[in-house]
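Right, one structure below, let's go through it.
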Amino acid sequence: MSRFFRIEFIVFFVNVIGFAVLALNLFGISEGTSLERWEVAKKLLYVHVSFMICAYAALTISAIFAGMYLFLHNRLKEKVWTQSVRRLPSLAVIDVWMYRSALVGTPLLALSLAVAVTSILTEGRYSLLLDPKVVASFIALALFIWTVLKRKVLDVPSWKTARMILLSYALLLLNVLMNQASSFHSWS
């Protein structure tokens, strides 16, 4: 991330927390009735959903590139030259776009979860912070952050980064399927 944004990670996380506080203040939390608190939470929900959609889009693109990378990497190692191998871009191009997509999606996911936690705190429903869906979301975020950090700091091979991106994305997909076991997104 520092290659594109020239920002240290501690500054980034402080900014994420600052964004959550700004969103809370922007939408005017008050010590009013539960109806007023619901209105604030509803506005925060719009921001959360917007960031989450963008994060899922970027991380989906990253996972697609990761799958393409692993497919092409295995075919080249086995020296299997098929038409699909010839049609794919080079490993270097796939690697760049896989990593950049993860770099875009990870902060968006962090911002979305920060707004979600702000919404939970606004509503006063603190027990939802231990909901399996919320915990799984933060584990997926931690895996994406770990993957990006390992790639940047430890310079791990691209195929390992691709595997970690697919694993992290699989956890996000499992998180989507977890709606039945969670009381966090109970709209009915």
Looking at residues at least two apart in the chain, or sitting in another chain, which of them share a side-chain contact (heavy atoms from CB on, under 4.5 Å) with L129? V117, I120, L121

Euclidean distance, Y99 OH relative to R151 CZ, rounded to 0.5 Å: 6.5 Å

Under the salt bridge (Lys or Arg N to Asp or Glu O under 4.0 Å) test, residues paired with R75 that sit two or more places apart: E78

Do I139 and V135 have side chains that get closer than 4.5 Å, going by heavy atoms? yes

Tell me every residue that passes side-chain contact (heavy atoms from CB on, under 4.5 Å) with S62, counting only those two or more places apart in sequence or in another chain. M98, S101, A102, I165

Taking only residues two or more places apart in sequence, or in another chain, which ones meet L72 in a side-chain contact (heavy atoms from CB on, under 4.5 Å)? L76, V85, L88, L91, I94

Using the test side-chain contact (heavy atoms from CB on, under 4.5 Å), find all partners of R87 that sit at least two apart in sequence or belong to another chain. Q83

What distance separates Y169 OH from I61 CD1, expressed to the nearest 0.5 Å? 10.0 Å

Interatomic distance, L167 atom CG to T147 atom OG1 [nearest 0.5 angstrom]: 7.5 Å

Gap between atom CG of L103 and atom CG of L108 - 0.5 Å precision: 11.0 Å

What pairs of residues pass the salt bridge (charged side-chain N to carboxylate O under 4.0 Å, His left out) test when at least one of them lies in residues 165-176, not counting sequence neighbours? none

Closest approach of V104 and A58, non-hydrogen atoms and distance? CG1-CB, 4.1 Å

Can you name the side chain to side chain donor-acceptor pair (under 3.5 Å) partners of S158, sequence neighbours left out? D95

Taking side chain to side chain donor-acceptor pair (under 3.5 Å) as the definition, give me every residue that meets it alongside Y69, ordered by chain and number, with sequence neighbours left out. none

The side chain to side chain donor-acceptor pair (under 3.5 Å) partners of S50 (sequence neighbours excluded) come to none

Tell me whether F71 is reachable from V96 by hopping between hydrophobic residues (I, L, V, M, F, W, Y) whose side-chain heavy atoms are closer than 4.5 Å. no

Using ring-ring contact (aromatic ring centres under 6.0 Å, His included) as the criterion, list what pairs up with Y56, not counting sequence neighbours. none

If I take atom OG from residue S168 and atom CD1 from residue I145, how far apart are they, to the nearest 0.5 angstrom? 10.5 Å

Using side chain to side chain contact (heavy atoms under 4.5 Å, CB included), reason through V176 and L172 one step at a time and then give a plain yes or no. CA-CA 6 Å; V176 169; L172 276 182; 5.9 Å; no

With salt bridge (charged side-chain N to carboxylate O under 4.0 Å, His left out) as the rule and sequence neighbours excluded, what pairs involving residues 154-171 come up? none

Between CG of L166 and CG of L171, what distance do you get to the nearest 0.5 Å? 12.5 Å

For T161, check side chain to side chain donor-acceptor pair (under 3.5 Å) against everything at least two apart and list the hits. none

Using atom types as modelled and distance alone, determine if a side-chain donor or acceptor of H48 lies under 3.5 Å from a backbone N or O of S112. yes

